[in-house]
Amino acid sequence: MKIATYNVNGVNGRLPVLLRWLELAKPDVVCLQELKAPNKKFPEKAIAGAGYKSIWHGQKQWNGVAILSRDLEINEVSRNLPGESDDYQSRYLEVLVEDLLIACLYVPNGNPAPGPKFDYKLRWLDRFSIRANELLELGTPVILAGDFNVIPTELDVYKPESWVKDALFRQEVRTAFKILVDQGWTDAIRKLYPTEKIYTFWDYFRNAYARDAGLRIDHFLLSPQLKDYLISGGVDKEVRGWDKTSDHAPVWIQLANEY
DNA sequence: ATGTCACGCCTAGCGTGA
């Protein structure tokens, strides 16, 4: 099974790029973030035309997540991250793809830090950590995929020293990510490439893509049942170079069929 | 500090988020 995650930065503005990439990469399941579209403007028909059924959780103007499936049956489990009843931001979606639970997440950016947005990010990560632990305790295969807005280590950023005060790399955030992973998750891309520079995001500013001034912030975390079935994975980096493209590139993993 | 995108809106540049 090939599973991808892609922060599209506007699902309608990016529709030609998304459809072109789907045709090329042919993932079985796709987690999308930053739809920037209300529910009624999600391009369900165009995506169905490419062969994918969709479950989406949109929001006017900002945020928004979706999960697409090509052939496999998909059923919604939840569209809310527990723990904060007045949190209206659409950043979370949990589905079952057959017997595999997939959570698609779009963690708050958190800048400027410190400040209320950063506090919200830390609370969100705490809430997510609680949910992730519950999912682990199910003892069934689970994938947490999406835009974590976390640079896990110095290897994951082109110039660490210039990012230490940024909400994506501050120590509190790196620690939160480490606590989460240490519950028993496997960072799939880092497992496949233990020492290589792997980036998934390049800023629109300052010609970042051409300079390869990137960050690794889109991640797959695998529950223990899955880690030995991870075959391959990577970043479809060339998509970041396409016209009218997102600032993120799609990231994917391949799991053995018999997991 | 800056830079570049996409979105919504009392439609046309501006505020906001990233």
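Residue numbers start from 1 in every chain, and the chains themselves are labelled A, B, ... in the order their sequence lines are given, proteins ahead of strands. Here the structure is a predicted model, which means the values were calculated and not measured.
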Could A/R131 and A/E94 be called an ion pair, given the rule that one side-chain N must be under 4.0 Å from one carboxylate O? yes
I need the A/N7 CG to A/Q33 CD distance, nearest 0.5 Å. 5.5 Å
In this structure, how many angstroms lie between the C1' atom of B/dG17 and the NZ atom of A/K121, rounded? 14 Å
For a quick test of reading the model: is some side-chain N or O of A/K244 closer than 4.0 Å to OP1 or OP2 of B/dC5? no
Just to be sure I understand the rule, does A/R91 reach a base, reach only the sugar-phosphate, or reach nothing, if contact means heavy atoms closer than 4.0 Å? sugar-phosphate
Return whichever of A/K41 or A/P108 has its heavy-atom-nearest nucleotide of DNA chain B closer to the 5' end. A/K41
Of the nucleotides B/dG17, B/dC5, B/dG8, which one has an atom closest to the side chain of A/P38? B/dG8
Check every atom of B/dA18, B/dC7, B/dC5 against the side chain of A/K117 and return the nucleotide holding the closest atom. B/dA18
May I ask you to say whether A/D243 pairs ionically with A/R20, meaning some side-chain N is under 4.0 Å from a carboxylate O? no
Rounding to an integer number of angstrom, what distance separates B/dT11 and B/dC5 when you compare their P atoms? 26 Å
When you match A/R14 and A/W62 each to their closest nucleotide on DNA chain B, which lands nearer the 5' end? A/R14
Which whole-number value in Å describes the distance from A/N7 CG to B/dG17 C1'? 12 Å
Minimum-distance nucleotide (side-chain atoms of A/F205 versus B/dA6, B/dT4, B/dG15): B/dT4
Starting at atom CZ of A/F42, determine the distance to atom P of B/dC7, rounded to an integer number of angstrom. 14 Å
Checking contacts here: which listed nucleotide (B/dA6, B/dA18, B/dG8) is nearest the side-chain heavy atoms of A/N109? B/dA18
So, do A/Y158 and A/Y199 have ring centers that fall under 6.0 Å from each other? no
Is the shortest side-chain N/O distance from A/R206 to OP1 or OP2 of B/dT2 below 4.0 Å? no
Looking only at B/dC9, B/dC5, B/dC7, the nucleotide nearest the A/Y204 side chain is B/dC5
Can you check the distance between B/dG17 and B/dG3, where both ends of the measurement are the C1' atom (answer in whole Å)? 15 Å
From CD of A/E34 over to C1' of B/dC7, roughly how many Å is that when rounded to an integer? 10 Å
Exactly one of A/F201, A/W202, A/Y209 should register a ring pair (Phe, Tyr, Trp, His ring centres under 6.0 Å) with A/H248. Which one does? A/F201
Remember a base hit wins even if backbone is also touched, and classify A/F201 as base, sugar-phosphate or nothing at under 4.0 Å, heavy atoms. nothing
Separation between the C1' atoms of B/dC7 and B/dA12, rounded to whole Å: 14 Å
Rounded off to whole Å, could you give me the CD-to-C1' distance for the A/Q59 and B/dG8 pair? 13 Å
In whole angstroms, the gap separating P of B/dC7 from CD of A/Q89 amounts to 18 Å
Considering only the P atoms, how many Å lie between B/dG15 and B/dT2, rounded to the nearest integer? 15 Å
Nearest-Å distance, CG (A/N12) to C1' (B/dC5)? 16 Å
Here the gap from A/Y6 atom OH to A/D218 atom CG, rounded to the nearest 0.5 Å, amounts to 10.5 Å
Distance in angstrom units between A/K36 NZ and B/dA18 C1', rounded: 7 Å
Atom P, compared across B/dC10 and B/dT16: separation rounded to whole Å: 14 Å
